[in-house]
Amino acid sequence: MQSIKHILIDTDPGVDDALALALAFMNEGLRIDLLTTVHGNISLAQSTENALKLLSFWGKHIPVAAGAAVPLTGKTVTALSVHGPNGLGGLELPDPTCSVIEIDAVTAMDRVLKKADQPMTIVAIAPLTNIARLLQQHPEDREKISNLVIMGGAWGRGNAGVLSEFNIFNDPQAAEIVFNQGLTLTVLPLEIGRQAQIKKTILPTIAASGRVGRSIADMLAGYRSGSKDAFNIYDALTMAYLAHPEYFTLVPAFVAIETSGRYTRGASLIDDRGKLKQSANAKVAKSIDSVAFSHWFEQQWQ
Ligand code: RIB
Ligand code: CA
């Protein structure tokens with residue numbers, strides 16, 4: 001009997017976020033106990049509306065709590081050129097039949113963690129503002145977080161800056177806080193999404209799989225991340241990790257976040273060779289078995 005893993009997801013849906021959510025719902029070994037929204041790809045308001053619309057359209061009933069509209073310092077940076085003007089690749093979904101719960105994201109995460117009888121996995125697929133605030137306001141909750149799986153950072157070239165990945169770039173102060181809490185962190189940087197692209201030829205298979213698949217295919221049609229023939233679906237790799245951690249090669253590393261560099265704000269220096277003389281604060285994915293991942297991904301839509 002497979003044990004059920006209870007998770008929290010912090011998200012800025014976003015097309016690859018929506019794909020990650022869909023894959024989470026397809027995994028019978030996962031229970032999403034709470035969805036929290038945050039600024040990032042789009043505004044907080046749009047992020048929250050998108051989350052509610054996706055859950056309503058898919059007939060999924062889980063609590064949604066809205067979080068931070070802006071980073072800890074500075075202004076948010078959206079990614080409308082990647083995710084389309086509404087954040088869902090231009091797909092217009094019906095108005096949601098559900099609404100956010102009356103408490104904010106940090107309060108909701110705190111209550112869920114405190115109530116849990118086992119430590120939980122948090123999946124962070126957006127700027128880390130909500131997570132940082134949770135850890136600042138409720139440091140006691142750290143013992144109830146068994147693993148924080150983060151889509152973020154880059155070993156090398158960024159997507160938001162020369163060396164900065166979008167989620168970290170959007171709130172480097174939050175990322176610095178999160179990486180310095182002594183939590184078990186599993187980091188899936190940009191390179192993993194670039195190694196495990198999905199080919200655009202899979203769109204008809206996804207669309208033919210049913211209501212969820214049709215909406216995912218429609219969103220991907222308006223998603224601008226990847227190449228002529230394939231998509232980078234960064235956030236979705238967190239769900240591949242939860243389903244099949246064996247696909248990933250992780251190395252212990254000290255991840256330093258540049259918070260103030262004139263040209264390097266939001267850069268994640270992933271030191272797996274002791275250059276910075278700091279002990280490791282995360283396990284970072286260096287590679288993925290992209291053949292096994294592609295086979296797994298295709299199986300999800302059969
Ligand atoms: O850099 C990729 C990340 O930024 C993903 O989470 C994507 O949704 C965007 O938020
Ligand atoms: Ca995201």
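Each ligand, and each atom within it, is numbered from 1 in the order the structure gives. Predicted model, so just to flag it, every value in this text is computed and none were measured.
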Numbered atoms and elements of ligand 1 in range of [X], under 4.0 angstrom, heavy atoms:
| X | answer |
| --- | --- |
| N159 | 1 (O), 2 (C) |
| D12 | 10 (O) |
| D17 | 8 (O) |
| I125 | 6 (O) |

Assess the side chains of [X] and [Y]: does a donor N or O sit below 3.5 Å from an acceptor N or O?
| X | Y | answer |
| --- | --- | --- |
| T107 | D104 | yes |
| T129 | H39 | yes |
| Q197 | N232 | yes |
| D17 | N41 | yes |

Inset, instruction - Classify the ring geometry between Y247 and H244 as parallel (under 30°), tilted (30 to 60°) or perpendicular (over 60°). - result: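 Judged by the thresholds at 30° and 60°, the geometry between Y247 and H244 is parallel.
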
Inset, instruction - On the 0 to 90° scale, with breaks at 30° and 60°, tag the Y241-F248 ring pair as parallel, tilted or perpendicular. - result: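 Rings of Y241 and F248: perpendicular, over 60°.
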
Inset, instruction - Name whichever N, O or S atom of D235 ends up nearest to the Ca ion (ligand 2). - result: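 Restricting D235 to its N, O and S atoms, the minimum distance to the Ca ion (ligand 2) goes to OD2.
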
Legend entry - Name of the D12 atom (N/O/S only) found closest to the Ca ion (ligand 2):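 Looking at D12, the N, O or S atom with the least distance to the Ca ion (ligand 2) is OD1.
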
Legend entry - Pairing of E140 and K114 as salt bridge, 4.0 angstrom limit: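 Yes, E140 and K114 are salt-bridged.
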
Legend entry - Salt bridge present between D272 and K286 (N-O < 4.0 angstrom):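 The answer is yes: the pair qualifies as a salt bridge.
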
Heavy atom of the protein closest to [atom] (residue, atom name, distance):
| atom | answer |
| --- | --- |
| atom 9 (C) of ligand 1 | N41 OD1, 3.1 Å |
| atom 1 (O) of ligand 1 | E165 OE2, 2.5 Å |
| atom 4 (O) of ligand 1 | F166 CD2, 3.2 Å |
| atom 6 (O) of ligand 1 | D235 OD1, 2.6 Å |
| atom 8 (O) of ligand 1 | D16 OD1, 2.6 Å |

Legend entry - Vertex the Ca ion (ligand 2), rays to OD1 in D17 and O in I125 - rounded to 10°: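 That angle works out to 130° after rounding to 10°.
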
Legend entry - Non-hydrogen atom of N170 closer than 4.0 Å to ligand 1: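 No.
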
Inset, instruction - Mind running side-chain contact (heavy atoms from CB on, under 4.5 Å) on F231 and L203 for me, showing each step along the way? - result: CA-CA 11 Å; F231 293 114; L203 284 183; 4.1 Å; yes

Inset, instruction - Measure L190 to ligand 1 on non-hydrogen atoms and call it side chain, backbone, both or neither using the 4.0 Å cut-off. - result: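 Side chain only.
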
Inset, instruction - Give a yes or no on whether the backbone of N130 and the side-chain of R133 come within a donor-acceptor separation of less than 3.5 Å. - result: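 Side chain of R133 to backbone of N130: no pair is present.
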
Inset, instruction - Flag G40 as yes if one of its N/O/S atoms falls below 3.0 Å of the Ca ion (ligand 2), otherwise no. - result: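 Under 3.0 Å: G40 has no N, O or S contact with the Ca ion (ligand 2).
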
